[in-house]
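In what follows, every chain begins at residue 1, and chains take the letters A, B, ... in the order their sequences are listed.
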Amino acid sequence: MSSVNVLLPQQATILDITEETPDIKTLRVVGKDGLPFDFMPGQCAMLSIPPLGEAIFSITSSPTCRECLEFSIKDVGKVSGALHSVVPGQQIGIRGPYGNGFPVDEMKGKDLLFIGGGIGLAPLRSLISYCFDHREDYGHIDIVYGARSPADLIRKGEVKESWAEEPDTDVHLTVDAEFPDWDGNVGFVPTYVEELGFKPENKIAITCGPPIMIKFVLQALDKLKFSPDQVITTLEMRMKCGVGKCGRCNLGPVYVCKDGPVFTLEELNALPAEY
Amino acid sequence: MAERNLDNIKIIREAVKQDLLGGRISQVLGWEKGHYWWQSRPLFARSEADLEKLTWDSFCGINLSRYLLEELKDHEKVGVLVKGCDARAFNRLLQDNMVKREQVILYGLPCPGMLDYNRLFEEAGAVPSGIAENNGTVILKTGGGDREVKREDVMLDKCRECVYPDPAAYDQMLLSPQGERKAAGRFKPVEELEAMPADERFAYWDKELSRCLRCYACRQACPFCSCRECFVEQESPRWQGRAYQPSENFMFHLVRAYHGTGRCIDCGECERSCPVNIPLQELNRKLIKDINELYGDYEAGLDAEAEPPLLTYRPDDPAAFSEK
Amino acid sequence: MSAALNENTAGWEPLIVSFCCNWCSYAGGDLAGTSRMTYPANVKVIRIPCSGRINPMFVLRAFQRGADGVLVAGCHPGDCHYTSGNYQSRRRLSAFKRLVEFAGFEPERFEVRWISSSEGDKFAEEMTEMTEKIKALGPNRKMRDARWQSVI
Amino acid sequence: MKKVIAREKLPELWKSLSAQGPLFLPVQEGPVVLFQQWQEGAKINLEATNTAVPPKDLFLPREETYMQYRCKGKELEVIPAEEVKPAVLFGVHPCDLSAVELLDKVYIEQDPADELYKIRRENTTVVALSCTEPDPFCFCNDFAINPADAPGADVVAHLKNGSLLLEAGTDKGKTLLKQAEDLLEDGSGQSFEPGEVKTADFGLKLEGLPENLKNRFDDSAWDELYKSCLGCGVCTYVCPTCYCFDVEDFGHEAGGERFRCWDSCMYGHFTEMAGGHNPRPGRKERIRQRFMHKLQYYPETFGQIACVGCGRCLRSCPVNLDIVQAIQTFGGETVEQC
């Protein structure tokens, strides 16, 4: 009997690399025979570059994309730094998929409000593409996306052009301060969300971004009368195994890598606030 | 149960009570009884009720000064009960600028040496129901009657060779001093190891260190390990690997000990804390002995004003290598 | 570096890692080179700003990764470019040398020498002597990380 | 299957068993007793109640290399480690056996199973040894464990009247006893009736504790409890039910290996993220995590408290901050000992 060690990575190859912002790159990755594994939007994968080790990243592409996996990665640490210096054709290790992913079935028939900040668009992007590829399943789509500056917005072309062109879809961009040649909104994401005055009826809000942004977005949504079960967010914790054993991402009875990273605000409120 | 000298405890309580309730300090670090009569654990007393729990007996081995690093973040001024080794630990932290003298009141407790429960059990042949002490002897209370042993024979290793049982620094000395002790044997194990052939000595350490779990209790309990970030946790460069390989064991223990050169106060908390009984004091004492031999007698923590030997030099210093 | 540390057991040659002070010993090595003096190729020189820069972890890491001997070379006492670096290191490295020996290393495995920038001849001599001594002792296994060897 | 062997003949048994594969048993190593692989001349100590470090090492080794890697140019090759050989673990006391069963729930029963653990578990024959005398720190009675019996082991062994009685409880156990047939005598005439061993009883009230703790995450009692904690990892490493690990690489650009090793929630770096944010930044958060995991999180998932009363944290914590104190703080009642 050949058994499978869940910690063992498989080989994957870098197809190409896009420089999104000064510190964010998008890697397109393919397994030995096409996609290394099937997955759902919101799930993550463990990428490894020996001898620096492994780190977990959310998958940016949609499962409807069958050519490759995409990862938008910010250079913040050892492994992410190394992933910034890979070249096309280079092989890395990959294992996954990990986590629960977004509840795409429960979201069916609802209007969707995506609220992203900076690199926080990475996991949302997977879901947004998925929804566009299953357009008839979902209602009106609003996308609020912001960053510190226009240069820090990722996937600018896609966001501004293709997404905005989708039927029944509105894209709202914002940056933290005035910049030359920026004709969009200026202001923090949470404030902008409040200003846009979204109605909670039959709507689900999905938010991801830096912790401080999430904190204020949640307050804004509360003011707009969204109930906790209408708000979905993803958590970020340090992880080593991805399968709910190594203990780092343990929060109350859940392991974020296995039972998350996607939680409704209602679920989150029941957990110890250690994230 | 352990018979405590209630008069002494009363003296201690009264002394700290005045300062605590009078508002001079907002917390007293002392000891209280643990689950068993042979355990006394740290007490962080902030009220009169807390002080009721305060104890002073032969099981107060835990060095309290280390806690100051954390406690002074939350308190303007705290009181600490200090044995000889706790006071030397305090002086050490003072020398490293980790604590401020005016933030602490030291209550000096001359220490008769703490007892080792393992030795008590061994002598009694079982777990005694308690002990009593009388002038250098310990009476073990067992089912088969009382048994008297010499106090010296049942002390903790760390206390057996203690030279300075009286606090070297204090604001108030609470009990009568013990006087300096002779500890002729403190370097004996080091000398025995020095006499071995190199390979044999390596094999000895290889075996002893192989038990290391890398729990870092030795480091956390140690008053010289006060770095904000330990080399063990440094990521870049990564000096300490996490594997349990012999080479990683040596890396940790040699560097740990070496960082104590001229700074180790020989309190033995590292060795007492080790869950697998690695003879860490042999490494520490080797460095104490060598520094004394090469650069003159120095006892870390005894005098906060004295210059630590590795922070100074003399142009005519000897060397342990050829200078030709 | 890793290739340099490889150990061919058949025709074993010792590997000596020498940390040399930039101002004196390293310049001494340069002088030895420009004066066409020879010393064994077994010595790998690593330039450091001052012998006072030596962190004992450098030495232990060298042993972990395959060094058979480590030699720290600095300016003569009194000649430090930074006034007192070598006075400090004399104390520190004396204590460290004894600790390394106490751990079971042969005394020859770790040495400290003072070599000035004008002592090209001394540099060559010391390096030769160290190499000969280590050759006589044989390969060092103490503290060597077996895993490092197996992955080269 | 019941067998018996005289104690004098045990060295022959060790030799015979270890000829067939690695045999791990309690060995006196200087002042401590540890589970170690048998070798000629090892000082076996079957009297010691508890080893300093629990036998979880056999299933979740403190260090386990599970792959090698080779990099050549842009290529990366991953080479899985070879499977482990069958082993015998002899002399596990009932508390430690219960602890292994707790680990099984996480590593085998909970999806996905951890193959590294599972293979070791399947390949190991566990011989449990009932206790004759409790250690002063033992309190397994509080967890309804009878130290004189060890149901669930492949073989249960009892030291009685100068002999070792062995009873196979599983097929693996029967196979083991068959392997040593020549040395063992028929034990059907012997009494295998487990006796009764009383450990210290702290009178801990465990019923309802997990539910009670659910609302006490922000309880001020944590502010006091953590204070004496030094922030070392002794409690986690000597705990038979702690199972956190780390994954690390060793090597260089061209090649090396990846291993997992024990880690501890008591360390600051355990949860620190690449950007520097740490969800459990201080000793208080970490102490709370450890005790809440044992007393609330684990029970909520698996229906039982993750402590077996082995007493190792009572013995080894340098400042006597142990799980009994935590349970007492949060509602378990206590019987004053001293």
Side-chain angles (χ1 to χ4, degrees), chain B residues 190 193-194 196-206 209 231 234 237-241 243 245-255 257-262 282-291 293-295 308-324, chain C residues 52 55-61 63-66 71-74 76-80 83-115 122 125-126 129-130 137 140-149:
Chain B
V190 175
L193 279 164
E194 284 171 343
M196 281 183 189
D199 287 345
E200 218 171 284
R201 201 157 56 228
F202 184 82
Y204 169 82
W205 283 115
D206 195 27
L209 300 183
F231 76 97
Q234 272 176 355
R238 182 68 168 273
W239 293 111
Q240 182 64 54
Q245 296 282 331
S247 99
E248 305 280 24
N249 295 340
F250 274 88
M251 188 71 166
F252 173 63
H253 285 284
L254 292 185
V255 178
Y258 183 72
H259 283 176
T261 317
E282 288 173 8
L283 285 170
N284 299 343
R285 284 179 176 161
K286 164 69 181 167
L287 285 156
I288 296 174
K289 177 172 174 281
D290 283 351
I291 285 290
E293 279 173 13
L294 286 163
Y295 306 115
L310 284 203
L311 294 190
T312 186
Y313 64 87
R314 289 195 345 209
D316 59 346
D317 273 338
F321 43 84
S322 158
E323 292 193 285
K324 69 173 161 49
Chain C
N55 183 329
M57 292 192 282
F58 297 176
V59 179
L60 297 179
R61 177 52 53 91
F63 284 128
Q64 283 185 322
R65 298 290 194 260
L71 174 71
V72 174
H76 286 273
D79 295 345
C80 180
T83 318
S84 66
N86 51 4
Y87 283 137
Q88 312 266 8
S89 64
R90 178 161 62 189
R91 283 199 169 198
R92 292 185 210 154
L93 296 178
S94 289
F96 182 64
K97 179 167 165 58
R98 289 202 175 179
L99 179 66
V100 167
E101 289 170 26
F102 190 63
F105 282 80
E106 296 86 353
E108 295 83 357
R109 298 281 184 197
F110 175 63
E111 280 293 5
V112 184
R113 290 287 181 269
W114 309 133
I115 304 170
K122 188 177 179 191
E125 262 167 44
E126 291 292 357
E129 193 189 318
M130 180 87 180
L137 267 182
N140 175 52
R141 299 284 175 202
K142 291 163 187 167
M143 252 191 100
R144 176 168 302 188
D145 201 313
R147 299 171 300 167
W148 191 257
Q149 209 61 31

Chain B interface, residue from [options] that has the most non-hydrogen pairs under 4.5 Å:
options: C/G104, C/P77, C/A95; answer: C/G104
options: C/E106, C/R61, C/K97; answer: C/R61
options: C/F110, C/F63, C/F58, C/F105; answer: C/F58

Region of [X] in contact with chain C, defined by heavy-atom distances below 4.5 Å:
X: B/L209; answer: neither
X: B/P246; answer: neither
X: B/L310; answer: both

Between [options], which has the largest tally of heavy atom pairs under 4.5 Å with chain C?
options: B/E200, B/M196, B/M251; result: B/M251
options: B/E293, B/H253, B/E248, B/E194; result: B/E248
options: B/V255, B/L254, B/T261; result: B/L254
options: B/S247, B/P309, B/A320, B/G262; result: B/S247

message: Set out, in order, the CA-CA distance, both residues' side-chain angles and the distance that settles side chain to side chain contact (heavy atoms under 4.5 Å, CB included) for C/F102 and B/V190, then state yes or no.
response: CA-CA 9 Å; C/F102 190 63; B/V190 175; 3.9 Å; yes
message: For a quick test of reading the model, state the closest non-hydrogen atom pair linking C/P56 to B/Y258 and the distance between them.
response: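 Shortest heavy-atom separation between C/P56 and B/Y258 comes out as CG-CE2, 3.2 Å.
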field: Smallest separation among heavy atoms of B/F231 and C/M57, with atom names
entry: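 In terms of heavy atoms, the two residues are closest at CD1-SD, 3.4 Å.
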- prompt: Yes or no on side chain to side chain contact (heavy atoms under 4.5 Å, CB included) for C/R113 and B/E323, after CA distance, side-chain angles and deciding distance?
  reply: CA-CA 6 Å; C/R113 290 287 181 269; B/E323 292 193 285; over 6 Å; no
For the [atom1] atom of [X] and the [atom2] atom of [Y], what is their distance to the nearest 0.5 Å?
X: C/N86; Y: B/Y313; atom1: CG; atom2: OH; answer: 9.0 Å
X: C/R92; Y: B/L311; atom1: CZ; atom2: CG; answer: 8.5 Å
X: C/N55; Y: B/W239; atom1: CG; atom2: CH2; answer: 6.0 Å
X: B/L287; Y: C/R98; atom1: CG; atom2: CZ; answer: 10.5 Å

Carboxylate-amine/guanidinium proximity below 4.0 Å for B/R201 and C/E101: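 No.
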message: Any salt bridge linking B/K324 with C/E111? Criterion: basic side-chain nitrogen under 4.0 Å from a carboxylate oxygen.
response: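 Salt bridge: no.
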- request: Taking the six-membered ring for Trp and the full ring for Phe, Tyr or His, determine whether the centres of C/W114 and B/F321 are under 6.0 Å apart.
  value: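 Ring centroids of C/W114 and B/F321 are less than 6.0 Å from each other.
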- request: Report yes or no: does C/S94 contribute a side-chain atom to a donor-acceptor pair with the main-chain N or O of B/A319 at less than 3.5 Å?
  value: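 Looks like no, no N/O pair under 3.5 Å.
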- prompt: Got a donor-acceptor contact below 3.5 angstrom from the C/Y87 side chain to the B/D316 backbone?
  reply: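 Not a single qualifying donor-acceptor pair exists.
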task: Report the C-alpha separation of C/L99 and B/D290 in whole Å, then their side-chain angles, then the decisive distance to 0.1 Å, and conclude whether the side chain to side chain contact (heavy atoms under 4.5 Å, CB included) test is met.
output: CA-CA 9 Å; C/L99 179 66; B/D290 283 351; over 6 Å; no
query: Near B/R314 CZ, under 6.0 Å, is it more than 12 heavy atoms from other residues, nucleotides or ligands?
result: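 Incorrect, the count does not exceed 12.
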field: C/R91 NZ/CZ over B/Y295 ring centroid, <6.0 Å and within 45° of normal
entry: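 Satisfied, under 6.0 Å and within 45°.
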- request: With side chain to side chain contact (heavy atoms under 4.5 Å, CB included) as the test, would you mind laying out the steps for C/Q64 and B/Q245 before giving the verdict?
  value: CA-CA 11 Å; C/Q64 283 185 322; B/Q245 296 282 331; over 6 Å; no
- prompt: In terms of heavy-atom proximity below 4.5 Å to chain B, should C/K142 be classed as side chain, backbone, both, or neither?
  reply: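 For C/K142, heavy atoms of backbone and side chain both lie under 4.5 Å from chain B.
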